[in-house]
Amino acid sequence: MILPPIFGAIQTVKDGLETRYLVSFLGLAAVGMGSWCFHMTLQYEMQLLDELPMIYSCCVFVYCLYECFKNRNSYNYALLILLILFSLIVTTVYLRLKEPVFHQVMYGLLVSFLVLRSVYIVTWVYPWLRGLAYTSLGLFLLGFLLWNVDNIFCSTWREVRQNVPPVVGAVTQFHAWWHILTGLGSYLHILFSLYTRTLYLKYRPKVKFMFGMWPVIMVENPKRL
């Protein structure tokens, strides 16, 4: 997931929206670039370039979603400092331990905060956004499920793929589906967060499809509102 968030970042700049959403889109693009570099090289340094930006970008997602009902261009410095400290601690511990489970638990913790906040928003504030929120969550959880299936039954799946047509073997690469589904789910989450924010600020957001494929949020220029 590299090009769609870059398009989202460009649209965010065009619409004059808050920098936090520009950082969200670029953060997701950074995860995509890091993942691409890691799977092209399988080097440890590139693995860090894949995994650590997942923590950093998710911290940005948390900040955006928990600050979506504040005045325009307001800043919650306490939350900013807390998330920065969290990122630094996770980075330091992970570099020392080199334990993937630690990274997965910390990432899961951040995602759980996003899920709780999203459920609150679509239950009590903007219930008509349930489709977008739950689609984002559903894609992410499906990707997570397939990734775990691939990890647990890796040896079995390899044997199965050797006895099926190449096309079937390709589409049952569940690790690849993990990247596709979680990347798409994360992208839709940013749209959900941005739509919530622009609704609160009364910018009259609209969903448009770039090249007939990728949805982006477009609003009237906030500077004129």
Legend entry - Y66 side-chain N/O to F113 backbone N/O, donor-acceptor pair under 3.5 Å: yes

Inset, instruction - Would you confirm whether S136, through its side chain, and G185, through its main-chain N or O, come within 3.5 Å as a donor-acceptor pair? - result: yes

Legend entry - side-chain contact (heavy atoms from CB on, under 4.5 Å) between V122 and F192, intermediate numbers included: CA-CA 10 Å; V122 299; F192 167 71; 3.7 Å; yes

Inset, instruction - Would you confirm whether S35, through its side chain, and V31, through its main-chain N or O, come within 3.5 Å as a donor-acceptor pair? - result: no

Legend entry - Option passing side chain to side chain contact (heavy atoms under 4.5 Å, CB included) with M46 (candidates L48, D50, L49): L49

Legend entry - Worked verdict on L95 versus T91 for side-chain contact (heavy atoms from CB on, under 4.5 Å): CA-CA 6 Å; L95 290 176; T91 300; 3.9 Å; yes

Inset, instruction - Please answer: with hydrophobic residues joined when any side-chain heavy atoms are less than 4.5 Å apart, are L26 and L52 in the same cluster? - result: no

Legend entry - V111/F61 under side-chain contact (heavy atoms from CB on, under 4.5 Å): CA gap, chis, key distance, verdict: CA-CA 9 Å; V111 171; F61 297 168; over 6 Å; no

Inset, instruction - Give, for atom CG of L194 and atom CD of E18, the distance between the pair rounded to the nearest 0.5 Å. - result: 9.0 Å

Inset, instruction - Determine yes or no for a side-chain-to-main-chain donor-acceptor pair under 3.5 angstrom, with Q43 supplying the side chain and E45 the backbone. - result: no

Inset, instruction - Look at atom CH2 of W128 and say whether more than 12 heavy atoms of other residues, nucleotides or ligands are closer to it than 6.0 Å. - result: yes

Legend entry - Main-chain N/O of K70 paired with R197 side-chain donor or acceptor, under 3.5 Å: yes

Legend entry - Cluster link L145 to L184, ILVMFWY, side chain under 4.5 Å: yes

Legend entry - Main-chain N/O of S193 paired to Y21 side chain as donor or acceptor, under 3.5 Å: yes

Legend entry - Flag if over 12 foreign heavy atoms under 6.0 Å of CZ, F144: no

Inset, instruction - May I have the step-by-step check of side-chain contact (heavy atoms from CB on, under 4.5 Å) for M54 and H103, ending in yes or no? - result: CA-CA 9 Å; M54 292 172 61; H103 173 270; 4.0 Å; yes

Inset, instruction - Report yes or no: does T123 contribute a side-chain atom to a donor-acceptor pair with the main-chain N or O of Y120 at less than 3.5 Å? - result: no

